[in-house]
Amino acid sequence: MTTPALSGGVEPRQRLHPLSPVLQGAKSLVVVIAGLSWSTLSRVGFGWFAVLVAVLALGATVLAVVSWYNTGYHLVGRELRVHEGLLWRRTRAIPLERLQAVEVVRPLLAQLTGLAELRLEVVGGGKTEAPLAYLSVADAARLRQRLLTVAAGMPDQETVGATPQPNGVAEVGAAAATATSADREPAGRPLHAVTNTDLLVSQLLTPQAFLLPFGVAFVVAQFLSEGSWSFIAVASTLTAMAGVLLQPVRRVLDDWNFRLAREPGRLRIHNGLLETRVQTVPLERVQTVGVTWPLLWRMKGWLRLRLEVAGYSSGEADDRTRPDRLLPVGDPTVGAMIVDEVLPGVRLTALPLTPPPSRARWLRPLSARMLGAGLHERVFAVRSGLLTRQLALVPYARIQSVRVVQGPTQRRLRLATVHVDTAGGSGAAAYHRDLAEAWALAAELTARVHAVRRAR
């Protein structure tokens with residue numbers, strides 16, 4: 001629902017899609033039915049239960065309609081302003097220069113109605129900002145592109161097209177920009193698409209799925225030996241198995257049809273089955289790239305890539321909203337290609353990693369030989385892990401601080417750990433380095449960080 005900009009240069013407020021209250025009411029209906037529970041149904045009977053559900057759902061829908069009527073958004077300069085509330089009016093002004101990532105999310109109900117939800121992440125946000133639910137898919141894509149354009153410091157083409165001109169040219173320019181902005185949005189250069197077969201096999205090679213048959217066989221053997229097949233025993237077993245399988249199933253649903261594309265200065269990630277997501281991550285906001293080799297994946301040579309984005313809300317309860325999926329599963333060639341796209345010049349097979357001194361085995365008897373750290377031309381690289389091997393790549397330009405930490409046992413062994421912190425919060429740590437080497441490493445890291453910032 002796009003409206004041409006006013007002649008004064010400030011566009012009017014725009015409302016969400018008219019079907020938004022219907023979807024919000026449907027979500028409320030599910031919550032109401034779940035909250036009433038079976039005990040309420042048994043006490044009042046099916047007829048009164050249905051009436052109670054209908055009344056509560058109607059009330060929730062009315063509230064959703066009122067909320068929709070009083071919700072609006074528009075761009076004012078380099079800010080996205082969202083207006084909400086009836087009795088207590090609230091206006092949120094979101095500076096677009098703090099924009100970290102934009103994603104277009106389509107839950108199942110939204111897919112059935114041709115709608116989408118736009119979510120924004122900004123620096124320092126405790127949660128997702130301005131979730132505009134819901135917009136048409138075309139309007140969501142158009143607004144997403146406008147926000148990214150303004151955040152990159154480029155002029156908003158729709159505002160430019162609406163500049164007052166004689167003989168009504170401004171209105172024609174605004175209408176043309178509105179009609180074609182979605183078509184002008186760059187499709188991006190495809191980098192990789194994960195096959196759903198590989199995704200399914202990768203989740204079957206997780207400890208949860210791999211060990212599940214052994215757990216089921218053990219439980220069945222216990223039942224057969226004791227001759228007990230009570231309802232409680234069967235239900236508890238099924239519940240435990242469902243809990244074990246929940247994480248792999250969720251990953252399959254979340255990463256279904258995973259596609260990665262490169263746009264100028266950013267990545268576009270498309271994934272999801274029941275809930276599709278199109279996430280856009282500016283490359284300048286990437287703080288850390290992580291490479292993981294799970295134990296059972298190594299026999300197929302597979303790895304997983306994740307990234308950390310500055311300012312992405314860590315307060316979200318659902319970690320699926322975080323744009324950290326870079327490659328759910330892939331071979332080393334694909335992994336190296338994607339890492340080179342995100343961190344040009346960084347090759348996974350040519351990192352100058354050196355192990356800690358041999359006395360570090362007193363602290364890590366099994367995994368000390370897997371520890372490693374090194375200074376690449378562009379990144380600080382750290383390797384760790386025994387069963388699940390991990391590699392963290394931190395660009396010098398993203399390092400916020402460097403720390404040398406020494407515990408009691410490390411002091412006796414003349415060892416220390418070098419930590420680098422990023423705006424995203426995780427950073428990396430080179431464990432159990434020789435004390436003199438640790439201080440030299442910290443000094444070199446600090447010098448490279450300063451050199452990169454002076455060159456910018």
Side-chain angles (χ1 to χ4, degrees), residues 1 14-35 53 56-68 71-73 80 82 84 100-122 125 127-145 147 182 185 194 196 199 203 242 245-261 268-281 309 312-313 315-325 328:
M1 304 214 28
Q14 302 176 44
R15 287 203 180 102
L16 303 175
H17 195 278
L19 287 179
S20 298
V22 178
L23 269 67
Q24 298 289 359
K27 291 167 58 178
S28 301
L29 179 61
V30 174
V31 174
V32 166
I33 294 176
V53 169
L56 293 177
L58 179 61
T61 303
V62 170
L63 292 177
V65 171
V66 173
S67 175
W68 169 82
T71 299
Y73 67 93
L80 173 66
V82 181
E84 300 172 302
Q100 301 298 308
V102 182
E103 60 178 328
V104 177
V105 183
R106 302 191 66 197
L108 183 59
L109 286 177
Q111 294 183 53
L112 296 177
T113 53
L115 301 182
E117 177 180 349
L118 194 71
R119 297 180 182 176
L120 279 66
E121 292 291 338
V122 298
K127 60 180 180 179
T128 300
E129 288 285 353
L132 299 176
Y134 294 86
L135 305 169
S136 68
V137 175
D139 283 344
R142 184 183 300 112
L143 180 58
R144 164 190 169 275
Q145 184 62 26
L147 296 177
E185 183 178 357
V194 176
N196 294 326
L199 184 63
Q203 294 309 308
L245 285 176
L246 181 60
Q247 185 177 3
V249 170
R250 242 178 59 170
R251 286 181 175 173
V252 169
L253 295 178
D254 291 344
D255 294 329
W256 194 261
N257 287 333
F258 185 95
R259 300 192 298 275
L260 182 66
R268 180 185 289 192
I269 303 170
H270 183 286
N271 61 295
L273 178 60
L274 300 181
E275 180 177 273
T276 62
R277 295 174 180 272
V278 179
Q279 298 173 325
T280 303
V281 182
V309 180
Y312 217 85
S313 61
E316 295 285 355
D318 188 358
D319 61 357
R320 290 177 295 174
T321 65
R322 298 176 62 84
D324 57 358
R325 291 171 176 83

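Only this structure's heavy atoms are used, side chains among them; waters, hydrogens and symmetry mates stay out. Given the structure is predicted, the values throughout are model-derived calculations rather than measurements.
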For a quick test of reading the model, state the closest non-hydrogen atom pair linking [X] to [Y] and the distance between them.
X: Pro21; Y: Thr61; value: O-CG2, 4.4 Å
X: Thr276; Y: Gly272; value: CG2-O, 3.7 Å
X: Gln24; Y: Tyr134; value: NE2-CE1, 3.9 Å
X: Leu118; Y: Ala140; value: CD1-O, 3.9 Å
X: Ala26; Y: Leu109; value: CB-CD1, 3.9 Å
X: Leu16; Y: Ala133; value: CD1-O, 3.1 Å

How many angstroms lie between atom [atom1] of [X] and atom [atom2] of [Y], to the nearest 0.5 angstrom?
X: Leu108; Y: Leu112; atom1: CG; atom2: CG; value: 5.0 Å
X: Arg251; Y: Asn271; atom1: CZ; atom2: CG; value: 13.5 Å
X: Gln279; Y: His270; atom1: CD; atom2: NE2; value: 10.5 Å
X: Ser20; Y: Glu117; atom1: OG; atom2: CD; value: 9.5 Å

Problem - side chain to side chain contact (heavy atoms under 4.5 Å, CB included) evaluation trace for Leu115 with Leu135 - result: CA-CA 6 Å; Leu115 301 182; Leu135 305 169; over 6 Å; no
Problem - Non-hydrogen side-chain atoms of Arg119 and Arg277 separated by less than 4.5 Å - result: yes
Practice task
Could you go through the side chain to side chain contact (heavy atoms under 4.5 Å, CB included) check for Val105 and Glu275 one step at a time?
Solution key: CA-CA 7 Å; Val105 183; Glu275 180 177 273; 3.6 Å; yes
Practice task
Take Phe258 and Arg325, measure what side chain to side chain contact (heavy atoms under 4.5 Å, CB included) needs, and give me the verdict at the end.
Solution key: CA-CA 9 Å; Phe258 185 95; Arg325 291 171 176 83; 3.9 Å; yes
Practice task
In sequence, state the C-alpha distance, the side-chain angles, and the governing distance for Val278 and Ile269, and then conclude on side chain to side chain contact (heavy atoms under 4.5 Å, CB included).
Solution key: CA-CA 6 Å; Val278 179; Ile269 303 170; over 6 Å; no
Between [X] (side chain) and [Y] (backbone), is there a donor-acceptor pair under 3.5 Å?
X: Thr71; Y: Glu84; value: no
X: Trp68; Y: Leu63; value: no
X: Asp255; Y: Pro328; value: no
X: Gln111; Y: Arg106; value: yes
X: Asn196; Y: Asn257; value: yes

Exercise for the section: Return yes if a side-chain donor-acceptor contact under 3.5 Å exists between Thr280 and Arg144, otherwise no. Expected result: yes
Exercise for the section: Could you pull out all residues at least two apart from Leu253 that satisfy side-chain contact (heavy atoms from CB on, under 4.5 Å)? Expected result: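 Val249, Leu273, Leu274.
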